[in-house]
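Data first, discussion second: the structure below is written as structure tokens.
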Amino acid sequence: MFERIEVRVGQVYQEADRLKGKWQVEAFVRVPGIGPHVRLTSLDDRSTKRTLAASAVGDPRRFHPIGDAEPAWTPGISGPGELIAKAQA
């Protein structure tokens with residue numbers, strides 16, 4: 001058995017089977033009826049996003065934590081549209 005890794009917003013993970021593939025946890029996504037998921041942003045191309053089960057990201061056979069990085073988003077802002085709306089307010 002393996003020990004799961006704590007998954008947290010801002011943490012950067014590398015895919016276990018690739019030298020590249022660095023992803024930052026942008027946010028937790030909660031959908032009724034399924035377990036918690038996380039939205040990941042690629043550090044190689046910030047326009048590339050994926051959503052995975054938090055348990056998959058916390059599985060050391062699939063991902064390794066490699067540290068924190070600057071957020072790929074503004075905390076408290078759900079997306080570019082909200083950022084623009086707040087800036088115009």
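- For the atom pair CZ of Phe63 and CG of Leu40, the computed distance is 6.0 Å after rounding to the nearest 0.5 Å.
- Hydrophobic clustering places Val29 together with Ile34 (ILVMFWY residues linked when any side-chain heavy atoms are closer than 4.5 Å, directly or through intermediates).
- When the side-chain hydrogen bond (donor to acceptor under 3.5 Å, both in side chains) test is applied to Thr51, no partner is found at least two apart in sequence or on another chain.
- Partners of Arg62 by salt bridge (charged side-chain N to carboxylate O under 4.0 Å, His left out), not counting sequence neighbours: none found.
- Residues Tyr13 and Ile66 are not in side-chain contact: their nearest non-hydrogen atoms beyond the backbone lie 4.5 Å or more apart.
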Next item on the list: Before giving the answer on side-chain contact (heavy atoms from CB on, under 4.5 Å), spell out for Arg50 and Trp23 the whole-Å C-alpha distance, their side-chain angles and the decisive distance to 0.1 Å.
Entry: CA-CA 9 Å; Arg50 48 197 297 209; Trp23 298 88; 3.2 Å; yes
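- Using modelled atom types, one finds a donor on one side chain and an acceptor on the other under 3.5 Å when comparing Glu26 with Thr41.
- Closest approach of Pro60 and Ala16 over heavy atoms only: O-CB, 4.3 Å.
- Between the NZ atom of Lys22 and the CD atom of Glu15 there is a distance of 11.5 Å, given to the nearest 0.5 Å.
- With a 4.5 Å cut-off on side-chain heavy atoms, His37 and Arg30 do not count as touching.
- Annotation for Val38 and Ala54: closest pair CG1-CB, 4.2 Å, computed over non-hydrogen atoms.
- Residues passing the side-chain contact (heavy atoms from CB on, under 4.5 Å) test with Asp44, sequence neighbours excluded: Lys20, Ser42.
- Contacts of Asp45 classified as side-chain hydrogen bond (donor to acceptor under 3.5 Å, both in side chains), with partners at least two apart in sequence or in another chain: Ser47, Thr48.
- Nearest heavy-atom pair across Arg46 and Lys49 is O-NZ, 3.6 Å.
- Panel note: side chain Gln14, backbone His64; no donor-acceptor pair is recorded below 3.5 Å.
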